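Written below as structure tokens is the structure these notes are about.
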Amino acid sequence: MVLKLDHIGIAVANLEESLKLYTGALGMKLHGTETVEDQKVKTAFLPLGDTEVELLESTSPDGPIGKFIESRGQGIHHLAFKVDNVEKALEELKKQGIRLIDEKPRYGAGGAKIAFLHPKATNGVLIELCERE
Ligand code: ZN
């Protein structure tokens, strides 16, 4: 069902500060930044070989990333797996009794269709399914 690791999502307190590490010391290229109002996050994508690093800064303390940092601190937030068709994948997982956060896909950064599985169903790893051209 999943095709590859699409990206790794990392929660950061300050996007600009973090970018200094990734584009500076680590020498990665910034592909672009985008604010996703719906998720209350500012994101930055840094391609890395066949995958990408996604940095996530909360635009509000009550957003999902704000709450995550509040309770667990900065760090790896989710793994995103690429799928052909998010709707179909969700249907299939539901049939198998896998608990979902999103029953229907929503739109993430770059217009990707995304959906999260429930970390209780995935041994504590927040998994995002991601469909994009
Ligand atoms: Zn993501």
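Small disclaimer: the values here were computed from a predicted structure and weren't measured. All heavy atoms count here, side chains included; hydrogens, waters and symmetry mates do not. Positions are given from 1, in the same order as the sequence printed here. We count ligands from 1, going down the list as the structure has it; atoms in each ligand are counted the same way.
- Residues L56 and V53 are members of separate hydrophobic clusters, defined by side-chain heavy-atom contacts under 4.5 angstrom among Ile, Leu, Val, Met, Phe, Trp and Tyr.
- Here K4 pairs with D50 in a salt bridge; the nearest charged N to carboxylate O distance falls below 4.0 Å.
- When each of K82, R132, K113 is paired with D6, the salt bridge (Lys or Arg N to Asp or Glu O under 4.0 Å) condition holds for R132 and for no other.
- Around the Zn ion (ligand 1), the protein N, O or S atoms closer than 2.8 Å are H7 NE2, E54 OE1, H78 NE2, E128 OE1, listed by chain and residue number.
- Criterion: ILVMFWY side-chain heavy atoms under 4.5 Å apart, direct or through other members. Under it, I114 and L3 are not part of a common hydrophobic cluster.
- In this structure, R99 forms no cation-pi arrangement with F116, as its terminal cationic atom is not both closer than 6.0 Å to the ring centre and no more than 45° off the ring axis.
- Looking only at distances, no side-chain donor or acceptor of E128 sits under 3.5 Å from a matching main-chain atom of A80.
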